[in-house]
Amino acid sequence: MEYRRTGSEVGSDVKYHITYNIPVQANEIVEVTLQVSPIDSDSPHEFGLNTPPGSRVNETDDGYEVELNFNHTEEGWIEIKNTAGDNSRASIKLDIPHPKIFEISRTIVEGHGFFGQESWLENHFSTQREGYHLISFAGQAEKILTFRDYIKLLSFLADQHPRVANVLAENSQGYFINRVLKPSEAQSITSFNDLKFKIELYNEQDFLSNVDINEILLECLDGIYRRQRNSGYQYVEDLLTRLLPETPDDTIKLSREVFTIYLACLLDGNQEKRALELLRNWLSESHKTDGELSTKIRQYENEILIGEQIEIEKIGEYLYYVGFNRIDTESEFGILSLFEVGQDLMPESSELAKVAEFWTNMRLGERKIESSNKSAQDAFNEAISLLDSLEETEFKTDEWKKDALSGKYRAIVDSYETQSDAESAIEYLNQFVDDDLSELDPDSDLVEQVEALRHELISKENIRNCAVELAQENLKKALELYSRTDLDKARDRVFARQQLLEGFLHEVKREFESASEKYQVASEIHNNSLNNQDIANRYSDLSDINMSKFYLLEGNIVLSRQELEDVSGEITDTKTHRDDLRSVINVFDDYVGENITEELHYGSEIETTQVNDLIHVRYDINMAQFVIYASQYLRQYGVETEILDSIIEITLSDALTPNTIQQELDISEAPKTEERELLLSISMDEVWQSKLPTHIHYQIEKLKIGEITAASDFSGLTNILTTTLELLLVVISEYYSKKAYGSVEDQVTPLDKTALGDLITFIRGLPGDEFPIVEELDELFSENILPDREISQIRNAGHHGGDIRHSQDQYEKVRDKIVSIFRKISPYCPVIVEIEDENSFGQYLCVVHWGGIKTRIWLQTDAELEEGELYYIPPGDIQSKHHIHVNSDSIYSCEATRARNAREVNPVSMAENEN
């Protein structure tokens with residue numbers, strides 16, 4: 001059976017045509033013929049291939065013949081490399097599905113179902129999330145099937161598992177775009193008529209929500225324009241041509257929103273002739289116009305239509321007004337292109353061009369906020385500066401300036417949520433008030449928004465520092481202030497956190513019914529207004545789990561079991577919680593029935609987080625199981641039931657209650673209330689340590705143990721401290737060197753042999769805009785901790801035979817100073833991730849090599865990442881996130897061995913290696 005696939009890769013300079021052939025007898029072999037050519041024929045090119053071990057490659061006149069043997073490799077791939085000149089854009093990697101994917105896809109399409117192969121799919125696409133092995137399978141099958149056959153396969157999978165049906169129904173439009181409008185997929189569109197056919201076929205399916213051609217085109221053209229703006233017209237020309245209407249009738253039917261983005265793409269690509277032809281066809285019929293500027297838009301369209309020669313400047317003005325008319329509409333797709341291209345087409349000195357540039361910066365700022373790009377503030381600053389440069393004008397600049405200030409405020413909010421550095425965020429807010437808000441009315445919405453955020457940020461730090469009463473006061477104040485503004489989402493976010501904190505306090509006090517109510521309220525807020533399904537599911541699960549605990553302590557086993565039936569099982573820690581609690585219920589039921597349990601469920605302690613990951617907790621539910629099991633036997637040996645019942649009741653109460661992870665905390669000056677006592681174990685230590693790479697976190701834990709066992713000589717611990725600092729500075733040097741300069745500077749090359757003193761010297765020279773704490777670290781590095789000795793000198797003496805003994809006092813001085821450096825660096829430390837898998841949506845499942853509770857996260861990026869490799873992603877708090885988006889230019893390979901050691905001591909990696 002033969003399969004074909006033609007396309008190009010986003011961001012590359014390569015076009016390819018690939019044909020798969022599966023030999024009938026050898027079911028572990030895929031034969032491939034491959035033709036390769038550059039998109040830019042003028043660029044230097046000389047192609048070569050890399051393939052997995054056991055493959056055979058034969059170069060022919062037409063291209064290559066490749067045989068992939070899956071007896072020798074688990075993953076099939078072909079990497080196309082350009083060896084001519086310095087042309088990195090030509091290197092791409094094509095994934096080749098396993099032969100069984102071909103076989104199973106064929107049997108499903110032919111109506112024979114899995115044909116006994118579902119267990120292979122479950123093993124090959126191993127996942128803890130129910131039904132996701134089928135979604136992963138669909139992602140591989142899409143590379144080889146035609147669109148019609150792929151729809152058949154999806155229909156079958158949706159019938160097989162409700163989770164597949166839910167995923168497809170919830171994101172029907174996104175699924176269509178990702179499959180049909182990807183240039184590299186087998187079912188990609190070939191023409192505008194083909195697009196209409198595929199939409200019609202798609203909408204005929206009962207398991208899929210209908211999609212609209214104008215909405216599809218809006219989103220797709222927006223993506224094409226962004227890629228074109230970054231890479232050039234030639235890299236999107238093929239896809240854009242396939243999307244262009246083929247007849248005047250098709251053109252006339254386009255909405256104004258869609259048509260003007262076509263126009264912007266063509267004009268930005270210097271395709272003026274095609275753009276004007278499209279414009280004339282579309283204007284040949286009148287179109288309905290809504291909005292504040294409808295009259296002006298119709299005026300421009302009439303002038304263009306009746307004019308003998310179309311003025312490009314007029315088209316630029318027209319695009320601007322269409323874009324401005326769409327600002328308050330529901331869809332944001334394509335608005336940036338109208339402002340950006342409109343500005344380019346107008347004279348630079350014109351007032352309208354400056355206004356268009358203002359809105360260009362406003363849209364760029366919004367987009368950068370969405371992608372957590374720290375330069376969002378810069379975009380809004382530029383927008384404010386442009387408005388200030390306009391003197392007397394008819395435009396509503398005062399109102400627009402408030403919008404720009406509001407955008408800058410939200411950029412500060414996003415920066416905080418990304419970096420999780422409340423102290424810096426509060427400093428930004430204070431500066432923002434002094435520099436930008438001084439002219440505004442103190443009772444204005446924006447001033448109240450800033451003050452509300454200030455209380456919200458402080459409340460989060462209150463929770464981390466176990467100041468529960470202060471947290472409750474600040475949450476209440478933030479909620480009150482947000483309620484006076486139109487920031488509904490912020491108000492709901494604070495209210496949800498307030499409910500989670502109260503729910504957690506109820507749970508700690510074993511008031512499980514009240515905890516359940518609070519968690520359910522928070523879950524509904526996240527589901528309905530905050531649109532965070534993962535968090536909504538998590539706290540919905542916790543609500544059911546707490547009601548199950550309530551009924552269990554009441555002795556109602558039937559209702560206790562029923563509550564667990566509603567737990568989704570999609571969130572790892574709540575699934576484990578459910579399973580462990582179910583086992584306890586079963587053992588308790590046997591005890592009540594005077595039976596002996598035949599088989600126990602061997603679970604382990606559950607370490608997780610509460611209140612949006614601000615509190616680290618541990619559950620040891622299995623302890624109750626073993627106590628109840630022992631009581632079953634003790635009763636047979638004559639121990640009184642009344643005594644055993646009391647032991648079980650106490651044990652159940654303890655086992656079902658979360659324990660905050662213990663940390664040393666100085667509370668001698670703090671008033672002790674009931675709530676404060678409940679959270680005494682929470683410390684900022686847990687927060688800053690959790691953000692450091694695994695091997696650094698491991699070394700710090702090793703020090704804690706060493707402090708207990710040390711006698712009189714603390715020099716060994718001092719050496720561990722300075723070594724740990726050196727390891728951390730290797731990570732910082734590699735990441736920020738690549739970020740600031742594009743590669744590791746010669747000054748610290750090779751990183752694995754660079755000493756602490758040289759690393760410190762290098763870090764002192766990093767640009768302050770890339771690494772904002774350079775000056776603060778410089779002061780810390782320069783201080784003499786021991787007489788006449790800085791940190792680097794202590795490190796050298798300890799590792800080169802000098803100063804071999806340190807007293808406890810000397811050690812503690814070194815420790816306190818280095819810990820202060822760790823704390824300072826922690827919010828700016830990049831996160832090391834290892835690529836574990838890629839799903840059908842182009843997202844990467846990553847193992848997180850850090851000290852935090854979260855061990856895995858989904859990463860969405862345009863960068864091509866390799867499975868099994870380690871990468872740095874920007875610093876940030878990902879504890880509360882299950883999915884993140886990172887720009888491709890913000891991801892850097894982790895190459896230094898002393899940084900890659902994070903993988904070696906990660907419990908996740910160690911457990912997988914043992915398996």
May I ask you to decide if the ring planes of F156 and F114 are parallel, tilted or perpendicular, using 30° and 60° as cut-offs?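 Ring orientation of F156 relative to F114: perpendicular.
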Heavy atoms only: give me the nearest [X]-[Y] pair and the separation to one decimal.
X: E734; Y: V744; value: CG-CG2, 4.1 Å
X: F822; Y: T724; value: CZ-CG2, 3.7 Å
X: L68; Y: G76; value: CD1-CA, 4.4 Å
X: V164; Y: G131; value: CG2-O, 4.0 Å
X: K753; Y: R898; value: N-NH2, 4.0 Å
X: T754; Y: T749; value: OG1-N, 4.1 Å

How far apart are the C-alpha atoms of D149 and F147, what are their side-chain angles, what is the distance that settles it, and do they pass the side chain to side chain contact (heavy atoms under 4.5 Å, CB included) test? CA-CA 5 Å; D149 286 344; F147 183 71; over 6 Å; no
Is the number of heavy atoms from other residues, nucleotides or ligands under 6.0 Å of Y741 OH greater than 12?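 Yes.
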According to salt bridge (charged side-chain N to carboxylate O under 4.0 Å, His left out), who are the partners of [X], at least two apart in sequence or on a separate chain?
X: E219; value: none
X: D758; value: none
X: R163; value: E570

Polar side-chain atom of [X] near backbone of [Y] as donor-acceptor pair, under 3.5 Å:
X: Y64; Y: V32; result: no
X: S733; Y: V730; result: no
X: S737; Y: S743; result: yes
X: Q35; Y: G63; result: no

What pairs with [X] under ring-ring contact (aromatic ring centres under 6.0 Å, His included), at least two apart in sequence or on another chain?
X: F125; answer: none
X: W77; answer: none
X: H124; answer: H98, W120
X: Y735; answer: Y872, Y892

Can you list everything that forms a side chain to side chain contact (heavy atoms under 4.5 Å, CB included) with T897? Sequence neighbours excluded, please.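 With neighbours one apart ignored, the set is D752, N901.
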How would you list, by chain and number, every residue that makes a side chain to side chain contact (heavy atoms under 4.5 Å, CB included) with T574, sequence neighbours excluded?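 By the side chain to side chain contact (heavy atoms under 4.5 Å, CB included) rule, T574 matches R538, D541, L542, I545, I571.
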How far does [atom1] of [X] sit from [atom2] of [Y], to the nearest 0.5 angstrom?
X: Y132; Y: D837; atom1: OH; atom2: CG; value: 13.5 Å
X: N887; Y: D862; atom1: CG; atom2: CG; value: 8.0 Å
X: C894; Y: K738; atom1: SG; atom2: NZ; value: 7.5 Å
X: L727; Y: Q699; atom1: CG; atom2: CD; value: 6.5 Å
X: N166; Y: H161; atom1: CG; atom2: NE2; value: 9.5 Å
X: L121; Y: L157; atom1: CG; atom2: CG; value: 8.5 Å

Taking side chain as C-beta onward, heavy atoms only, is [X] less than 4.5 Å from [Y]?
X: P99; Y: I29; value: no
X: I891; Y: L859; value: yes
X: P830; Y: I732; value: yes
X: I96; Y: V66; value: no
X: I101; Y: F137; value: yes
X: L870; Y: V833; value: no
X: I80; Y: L34; value: yes
X: I873; Y: T861; value: no

Partners meeting side chain to side chain donor-acceptor pair (under 3.5 Å) with N50 (sequence neighbours left out): E79
Could you tell me which residues satisfy side chain to side chain donor-acceptor pair (under 3.5 Å) with E745, sequence neighbours excluded, listed by chain and number?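 E745 satisfies side chain to side chain donor-acceptor pair (under 3.5 Å) with no residue once adjacent residues are dropped.
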R900 and E869: side chain to side chain contact (heavy atoms under 4.5 Å, CB included), yes or no, with the steps? CA-CA 10 Å; R900 294 172 68 86; E869 278 302 308; 3.6 Å; yes
Which residue pairs satisfy the salt bridge (charged side-chain N to carboxylate O under 4.0 Å, His left out) criterion with at least one member in residues 115-127, sequence neighbours excluded?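 Every pair satisfying salt bridge (charged side-chain N to carboxylate O under 4.0 Å, His left out) with a residue in residues 115-127: there are none.
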Would I760 and I763 count as a side chain to side chain contact (heavy atoms under 4.5 Å, CB included) if you check the C-alpha gap in whole Å, the side-chain angles of each, and the deciding distance to 0.1 Å? CA-CA 5 Å; I760 288 174; I763 288 172; 5.9 Å; no
